[in-house]
Engineer: 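Have a look at the structure that comes next, please.
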Amino acid sequence: MRARTYGLALLAGALLASAACSSPSSGPSHPKADTATRTIRPVQGCGAASWTDPADRAPERAPARCRPGSPAPQRLAEPRKLTIATGTLSAEYVAPLRVALDKGEFDKEGLDVTLKVLPTPEALPLLAKGEVDGLWAAPEAAVMNGIRGGFVIRWVAGNFSPGPKSKSGLWVRLKDGETPAAVRMADRTLGTMIGKGSVIAYPMEQALEQHGGGLDRIRYQQLGSADVLTALRNGGVDSAWLLDPVWRRVDGEPGYAFLGGQPPGEPLGGMLYGPSLLNDDVDAGVALLRAYIRTVNTYFASDYKQNERYVTYLADLLKADAAILRSTPSLRMDWEIRTGTTARLQAAYRAQGAAEGDSLPESRTVNRSLYEEAVGHHR
């Protein structure tokens with residue numbers, strides 16, 4: 001515990017030091033995009049279905065949608081150059097950004113967008129200083145710790161929730177006498193390539209508690225992406241968090257059980273903004289989300305993998321194997337953020353020992369006003 005606390009102290013110190021060295025654009029603790037001074041106008045093509053109650057976490061909730069091609073571009077008077085950091089360019093959840101670039105949706109807004117591959121720990125200080133404008137990631141423990149340390153960062157748009165048939169999540173090797181409905185997870189080892197402090201802590205906690213476990217009652221073993229499945233199969237670990245499309249390798253095989261994954265209807269990641277788009281240039285911040293939302297409505301509105309030509313196009317764009325991409329259900333792309341998600345995430349981080357102290361209120365972690373403006377929604 002002492003080593004873990006020391007590690008958290010080092011992280012907090014690094015975040016605070018970076019915040020202290022940041023430019024004046026780090027700004028106040030309440031970003032300008034939170035004010036009620038911006039005019040919200042109705043948006044053609046975005047009606048009642050373009051917004052859902054943030055408190056609605058029903059698994060069957062249909063994600064918000066406008067008509068294809070909506071909201072229409074509103075080209076900025078002066079072009080802007082924006083840099084968005086992302087941990088990868090090849091994952092399916094990055095596809096809306098890749099398609100928006102490829103189809104010219106950002107350009108229609110007067111935005112010259114660059115996607116830059118950076119892991120979240122490296123991108124966070126740059127985001128807080130305004131050296132990158134956005135981060136396509138998740139409100140992980142490091143993000144919460146950074147905000148607690150003074151960073152002006154907000155989660156401003158969601159990314160996706162899993163399709164109803166997805167089994168991306170917690171898998172376990174059954175012991176003698178166990179069934180998928182009767183598995184005891186306490187004291188078992190868990191293989192994961194992400195480790196503590198990731199947003200998967202929240203859905204993993206839910207799955208573990210249903211099976212006599214808990215985030216503080218399992219042993220973690222961090223593994224490379226190519227090693228997680230191997231360790232599960234050869235007995236190196238008792239359980240593993242398997243992502244798309246890896247879980248297909250054990251689905252239906254005897255001796256394995258799927259215990260649960262990301263909650264349906266609740267995105268756990270998406271776009272994070274720093275001071276440059278929250279404070280200094282809110283117009284560009286709204287324009288970026290408008291292009292993203294239009295891309296979802298035009299190219300990802302429903303089960304996009306039913307279109308074989310489109311899957312081939314996506315595979316080429318992402319440099320992925322089309323057969324593998326086709327083998328997993330479509331993601332339910334969703335730009336909205338549910339009420340209480342960051343509180344639930346922070347509770348899971350504390351249970352893992354990746355964060356300390358009381359949860360930050362949603363007013364310091366989430367800003368829905370930019371995507372609401374993009375679709376013309378009045379609160």
Side-chain angles (χ1 to χ4, degrees), residues 1-8 10-11 87-88 91 93 119-121 137-142 144-145 162 166-263 268-269 328 344-356:
M1 178 66 186
R2 182 177 301 170
R4 184 169 61 202
T5 303
Y6 177 67
L8 287 169
L10 284 177
L11 174 60
T88 177
Y93 68 86
T120 297
E140 298 175 345
M144 298 296 104
N145 291 335
S166 175
K167 293 182 181 179
S168 173
L170 184 62
W171 286 79
V172 63
R173 294 175 73 248
L174 298 174
K175 295 181 178 180
D176 291 343
E178 288 185 331
T179 67
V183 178
R184 185 161 181 80
M185 288 297 298
D187 300 319
R188 291 195 177 184
T189 55
L190 172 77
T192 171
M193 66 179 185
I194 301 173
K196 294 183 180 182
S198 164
V199 292
I200 68 165
Y202 159 45
M204 192 162 63
E205 181 177 44
Q206 293 183 312
L208 289 170
E209 288 179 348
Q210 294 174 16
H211 296 278
L215 294 174
D216 59 344
R217 302 183 67 188
I218 58 171
R219 301 188 304 276
Y220 297 90
Q221 186 169 338
Q222 192 163 354
L223 301 166
S225 59
D227 303 322
V228 174
L229 179 62
T230 300
L232 180 65
R233 282 184 150 171
N234 66 20
V237 295
D238 302 308
S239 60
W241 191 269
L242 302 181
L243 302 175
D244 289 331
V246 179
W247 60 268
R248 296 291 245 177
R249 303 284 295 277
V250 294
D251 187 31
E253 288 193 16
Y256 296 93
F258 173 61
L259 302 186
Q262 178 178 334
L268 300 182
T328 55
R344 290 183 285 275
L345 290 171
Q346 290 176 85
Y349 301 152
R350 287 196 301 275
Q352 277 190 324
E356 297 177 344

Engineer: Please give me the minimum heavy-atom distance between Trp247 and Ser166, naming the atom from each residue.
Structural biologist: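 What the structure gives for the nearest pair is CZ2-CA, 4.2 Å.
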
Engineer: Can you name the residues that form a salt bridge (charged side-chain N to carboxylate O under 4.0 Å, His left out) with Glu178, not counting sequence neighbours?
Structural biologist: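 Glu178 satisfies salt bridge (charged side-chain N to carboxylate O under 4.0 Å, His left out) with Arg188 only.
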
Engineer: Could you grab the distance from atom CE of Met185 to atom CG of Leu215, nearest 0.5 Å is fine?
Structural biologist: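 The CE atom of Met185 sits 10.5 Å away from the CG atom of Leu215.
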
Engineer: Output all residues satisfying side chain to side chain contact (heavy atoms under 4.5 Å, CB included) with Gln221, sequence neighbours left out; order by chain, then residue number.
Structural biologist: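 For Gln221, the residues satisfying side chain to side chain contact (heavy atoms under 4.5 Å, CB included) (neighbours in sequence not counted) are Leu223, Val237.
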
Engineer: Sequence neighbours left out, what pairs pass salt bridge (Lys or Arg N to Asp or Glu O under 4.0 Å) with at least one residue falling in residues 210-223?
Structural biologist: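 Listed by first then second residue: nothing to list.
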
Engineer: My understanding is that only residues two or more places apart in sequence, or in another chain, count here; which of them pass side chain to side chain contact (heavy atoms under 4.5 Å, CB included) with Ile218?
Structural biologist: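 Only Leu190, Leu208, Tyr220 meet the side chain to side chain contact (heavy atoms under 4.5 Å, CB included) criterion with Ile218.
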
Engineer: Does the pair Val246 and Val228 meet the rule for a side-chain contact (heavy atoms from CB on, under 4.5 Å), with working shown?
Structural biologist: CA-CA 9 Å; Val246 179; Val228 174; over 6 Å; no

Engineer: By the salt bridge (Lys or Arg N to Asp or Glu O under 4.0 Å) test, which pairs, at least two apart or in different chains, include something from residues 229-253?
Structural biologist: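 Salt bridge (Lys or Arg N to Asp or Glu O under 4.0 Å) check on residues 229-253 returns Lys167-Asp251, Arg233-Glu253.
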
Engineer: Side chain of Glu140, backbone of Gly197: donor and acceptor closer than 3.5 Å?
Structural biologist: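 Side chain of Glu140 to backbone of Gly197: no pair is present.
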
Engineer: Do you know which two heavy atoms are closest between Pro203 and Val199, and how far apart they sit?
Structural biologist: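 Smallest interatomic distance, heavy atoms only, reads CD-O, 3.2 Å.
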
Engineer: Find out whether Leu170 and His211 are in side-chain contact, i.e. whether some heavy atom of one side chain is under 4.5 Å from a heavy atom of the other.
Structural biologist: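 The answer is no; the side chains never approach within 4.5 Å.
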
Engineer: Give, for atom CG of Leu232 and atom OH of Tyr256, the distance between the pair rounded to the nearest 0.5 Å.
Structural biologist: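 Spacing of CG (Leu232) from OH (Tyr256) equals 5.5 Å.
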
Engineer: State which residues pass side-chain hydrogen bond (donor to acceptor under 3.5 Å, both in side chains) with Thr88; sequence neighbours excluded, sorted by chain then number.
Structural biologist: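 Counting only residues at least two positions away or on another chain, Thr88 forms a side-chain hydrogen bond (donor to acceptor under 3.5 Å, both in side chains) with Ser90.
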
Engineer: What residues form a salt bridge (charged side-chain N to carboxylate O under 4.0 Å, His left out) with Arg344, not counting sequence neighbours?
Structural biologist: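 Scan of Arg344 (salt bridge (charged side-chain N to carboxylate O under 4.0 Å, His left out), adjacent residues dropped) gives Glu266.
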
Engineer: Please enumerate all residues that pass side-chain hydrogen bond (donor to acceptor under 3.5 Å, both in side chains) together with Thr328, with sequence neighbours excluded.
Structural biologist: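 For Thr328 the side-chain hydrogen bond (donor to acceptor under 3.5 Å, both in side chains) partners, ignoring immediate neighbours, are Lys305.
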
Engineer: Run the side chain to side chain contact (heavy atoms under 4.5 Å, CB included) test against Gln262 and tell me which residues pass, sequence neighbours left out.
Structural biologist: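 So Gln262 forms a side chain to side chain contact (heavy atoms under 4.5 Å, CB included) with Phe160, Ser161, Pro162, Leu268.
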
Engineer: Output all residues satisfying ring-ring contact (aromatic ring centres under 6.0 Å, His included) with Phe258, sequence neighbours left out; order by chain, then residue number.
Structural biologist: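 With sequence neighbours excluded, Phe258 shows a ring-ring contact (aromatic ring centres under 6.0 Å, His included) to Trp171, given in chain and number order.
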
Engineer: So, using side chain to side chain contact (heavy atoms under 4.5 Å, CB included) as the criterion, who are the partners of Ala347 when residues are at least two apart?
Structural biologist: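 Expected list: Arg350.
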
Engineer: Kindly give the heavy-atom pair with the smallest separation between Gln206 and Pro263, and that separation in Å.
Structural biologist: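 Taking Gln206 first and Pro263 second, the nearest heavy atoms are OE1-CG, 3.5 Å.
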
Engineer: How far does CG of Leu259 sit from CE of Met204, to the nearest 0.5 angstrom?
Structural biologist: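 So the gap between those two atoms works out to 12.0 Å.
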
Engineer: What are the two closest heavy atoms between Gly212 and Ala186, and how far apart are they?
Structural biologist: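 The pair with the smallest heavy-atom distance is O-CB, 3.2 Å.
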
